[in-house]
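Because the structure is predicted, anything quoted here is derived from the model rather than measured.
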Amino acid sequence: MSEQLKFIVEQLNKAPFKKKFNLITFDSLEPMQLLQILNDVLAEIDPKQAIDIREEMPEQTAKRMFTLLGMLKYKPPGNPSDVSSFRQGLVTGSKPVIHPILHWLLQRVPDLKKRAYLARFLVKLEVPAEFLQDDVINDTYHQYEELVEGFKTYHKECEQLRTSGFSTAEIRRDISAMEEEKDQLIKRVERLKKRVESVSNHQRMLEQARQLRVEKEREESLAQQKQEQRNQLFQAEQRLQRSQQQLKDLRQAAADANPESLMKRLEEEIKINSYMVSEKLPKELESRIRTDQYLQKVVSEPAMGQAELQELDDKIKEVNAQINQLIEKRMMRNDPMDDKLTLFRQQASIIIRKKETKAEELQEAREELAAAERDLAQRTNQARDPDGHKVVRGDELKRLVVKLRSKGTVHKKKRQQIAELKAEYGVLQRTEEVLKQRHEDIQQQLQTMEAQKGISGYSDTQEELERVSAIKSELDEKKGRTLDDMSEMVKKLNSVIAEKKSALAPIIKELRSLRQRCQELTQEYEEKKAHYESCAAGLESNRSKLELEVKTLREETAQEENRYHYINSMTEARSLKTQIHTQCRKHFLAVMYMKNIAEQESLGKKLREKQKTVRESHGDNMKQMKMWRDLEQLMECKRQCFVRAQSQASIGQVIQEGGEDRLVL
């Protein structure tokens, strides 16, 4: 992590950023400052990103950065399914998210510039299928695709020309030199033709020379093929030797092993395999299953229209706005316990990420080991003679290997030179053909014009005479100039040397004293610079500590102020409630008492009316009551009389029945 921070600080302090950071100041940056630095780096890669993030909404900033990073093919470290956590960290300016992005971007700025430039032209526009049914739009889209393909080919040609190392000035010089060589060769060929024509059987000799040249070229190609096969044999032997050395090391490791080391190794392998089986592979399987389910869900759903897509975009924007509000509330709350927990969570996530990367590296190493073992088995089978015995190589093999290495390096250099010469020869041949074609066209036009004027052959003779006269005059002038120039040059050089010596003598004396003074000043400067850097480091550390203390005190004062304002508002609300309660209670008691008084008054009024009616009907009621009592006494007497009569009748009947019984007996 410290190496990563060092690299980021070094790159940011260089051009074109020139931030003048150190490790302490960079590590103590706020999230908004980190996001602005990331935006500056992205603006260096793509100038369209040069925006002040304070003037932009957080979700727009995150969306813009996320889109550009996806276009640049940045892969976040860790689990690929944690896109939401990565997006949230990018919105909040989290250091574990921003620092790896800066490290990745600053490592490959030129390549990313090129990729961002190409993406402006190569990222195709997505046109819905229903729009492509229109003929005009379909033709325009096909033209757009053809233009994109044309841009690809032109860009490749441009890159090839840039990497070829040729420039227009060099090509022009080469063309002029080739024209001169061409003229000289034409003259030589003409002279040789004149000489050969006098020799008998010159056609047969020319044919023999042509066949000899063809055979020499064939011999060179065969020698080149032979050298390539030797190189392949040498490489195969080197791979075999490495495989044998690996096998020997493995056998030695197996021979030197004791039971304790084997048990320890087996325990480590068991732990690693258990981690792979219990944690890593189930997570990968679960992520694959979720991806499969998500894709199946997407496939099973019907095709969405533009209105549905717009509705989904609106929902996504609303959810992002809610997320940003929650993040802002959390940042406003600023609970120290949450800060500690986030630190521990970040450390835990970093450890888990490192563990997963090491597991992936172990899996890749195991795959490479298995491939190497298969290659070793194949090479050992190939490195046996027809009888099945292993071929033994000694000092002779070592000498041959050293000789082949030296010859291989020489061969590579020669091949590179031949390739360069062939490329140059192809370019020169092409330019010669173009120039020949132009020259023939001009000559034909000139000959036709001369034939029309009736002066055929005039241009050839005129050119030859002018060339000869120009060459003769130039040679004469050069001969005369060279002698005069040489004498004048010698005189001037002698005078200039004397003047310079006399002028430089006092300056050299002053320079010696100044050099000594410069050495003393540089030594003093280095000492003071070291003292300054040590003091600056101490002051920087003290400043960072004071800034942290000030930050904590400001947070405490803000919390106390919030608490003070809250208590004041609560007391004011409580006093208002008590006032309202007392007023309401007084009003309620007054209303209740008035109601009770009204009820009692109505009740008294009713009772007085009832008393009046009772007083008015009291005499009649007393008479009626007396009559009712007399009636009751009369009825009671009648009842008693009736009971007595009934009892006497029953007694007489019993006596009569008893007398009848006696008579029967």
Side-chain angles (χ1 to χ4, degrees), residues 39 41-51 56-57 59-76 80-81 83 86-87 90 101 104-105 108-168 171 288 291-317 320 423 426-427 430-431 433-434 437:
N39 193 75
V41 175
L42 293 174
E44 179 64 25
I45 294 169
D46 187 4
K48 292 182 179 179
Q49 307 296 322
I51 298 170
E56 191 179 23
M57 295 297 290
E59 59 268 14
Q60 293 178 357
T61 304
K63 186 178 180 181
R64 177 170 56 79
M65 290 182 178
F66 200 75
T67 304
L68 183 59
L69 290 173
M71 185 178 68
L72 298 176
K73 296 182 180 179
Y74 172 71
K75 295 181 179 178
S81 61
V83 180
F86 174 74
R87 187 188 291 272
L90 192 62
I101 297 173
W104 186 81
L105 292 174
R108 42 182 71 83
V109 171
D111 296 335
L112 295 177
K113 278 185 179 179
K114 183 178 177 182
R115 187 175 293 172
Y117 168 73
L118 293 175
R120 287 191 295 171
F121 305 101
L122 297 181
V123 175
K124 293 185 178 180
L125 299 172
E126 294 182 359
V127 181
E130 57 267 18
F131 292 165
L132 291 175
Q133 293 177 1
D134 190 358
D135 295 335
V136 178
I137 296 174
N138 195 6
D139 295 337
T140 307
Y141 190 72
H142 285 308
Q143 290 177 4
Y144 166 70
E145 289 180 343
E146 290 175 359
L147 290 172
V148 170
E149 296 297 328
F151 175 77
K152 288 181 183 178
T153 55
Y154 292 142
H155 180 71
K156 287 180 182 177
E157 291 176 0
C158 181
E159 289 295 325
Q160 289 175 0
L161 289 173
R162 285 178 181 173
T163 55
S164 62
F166 293 107
S167 64
T168 56
I171 291 169
R288 295 286 176 84
T291 306
D292 190 13
Q293 291 176 355
Y294 178 70
L295 292 174
Q296 287 179 359
K297 184 178 178 182
V298 170
V299 170
S300 62
E301 289 181 355
M304 292 185 179
Q306 191 67 29
E308 294 176 349
L309 292 173
Q310 187 66 34
E311 186 178 354
L312 288 174
D313 288 334
D314 295 337
K315 287 182 180 178
I316 290 167
K317 288 179 182 177
N320 287 328
V427 175
R430 177 61 183 164
T431 53
E433 290 175 359
V434 173
Q437 187 67 32

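- In terms of the salt bridge (charged side-chain N to carboxylate O under 4.0 Å, His left out) criterion, residue partners of Lys152 (sequence neighbours excluded) are, by chain and number, Glu149.
- For the side-chain hydrogen bond (donor to acceptor under 3.5 Å, both in side chains) test, no residue two or more places apart in sequence or in another chain qualifies with Asp111.
- In this structure Lys317 satisfies the side-chain hydrogen bond (donor to acceptor under 3.5 Å, both in side chains) test with no other residue, sequence neighbours excluded.
- Smallest separation of non-hydrogen atoms from Ile45 and Pro47: O-CD, 4.0 Å.
- Under the side chain to side chain contact (heavy atoms under 4.5 Å, CB included) criterion, Gln60 pairs with Glu56, Met57, not counting sequence neighbours.
- The neighbour count for Arg288 CZ, taken as heavy atoms of other residues, nucleotides or ligands under 6.0 Å away, does not exceed 12.
- Residues Thr61 and Arg64 meet the side-chain proximity criterion, which asks for heavy atoms closer than 4.5 Å.
- For Asn320, there are no side-chain hydrogen bond (donor to acceptor under 3.5 Å, both in side chains) partners, not counting sequence neighbours.
- In terms of the side chain to side chain contact (heavy atoms under 4.5 Å, CB included) criterion, residue partners of Arg115 (sequence neighbours excluded) are, by chain and number, Leu72, Lys73, Leu112.
- For Leu147, the side chain to side chain contact (heavy atoms under 4.5 Å, CB included) test picks out no residue, with sequence neighbours left out.
- For Lys48, the salt bridge (charged side-chain N to carboxylate O under 4.0 Å, His left out) test picks out no residue, with sequence neighbours left out.
- Classification of the Tyr141-Tyr144 ring pair by plane angle, with boundaries at 30° and 60°, yields tilted.
- In this structure, the side chain to side chain contact (heavy atoms under 4.5 Å, CB included) partners of Tyr74, at least two apart in sequence or on a different chain, are Leu69, Pro76, Pro77, Phe86, Pro100, Ile101, Trp104.
- Partners of His142 according to the side-chain hydrogen bond (donor to acceptor under 3.5 Å, both in side chains) rule, which considers only residues two or more places apart in sequence or in another chain, are Asn138.
- Lys63 pairs by the salt bridge (charged side-chain N to carboxylate O under 4.0 Å, His left out) definition with nothing, not counting sequence neighbours.
- Atom CG of Asp313 is separated from atom CD of Glu311 by 10.5 Å, given to the nearest 0.5 angstrom.
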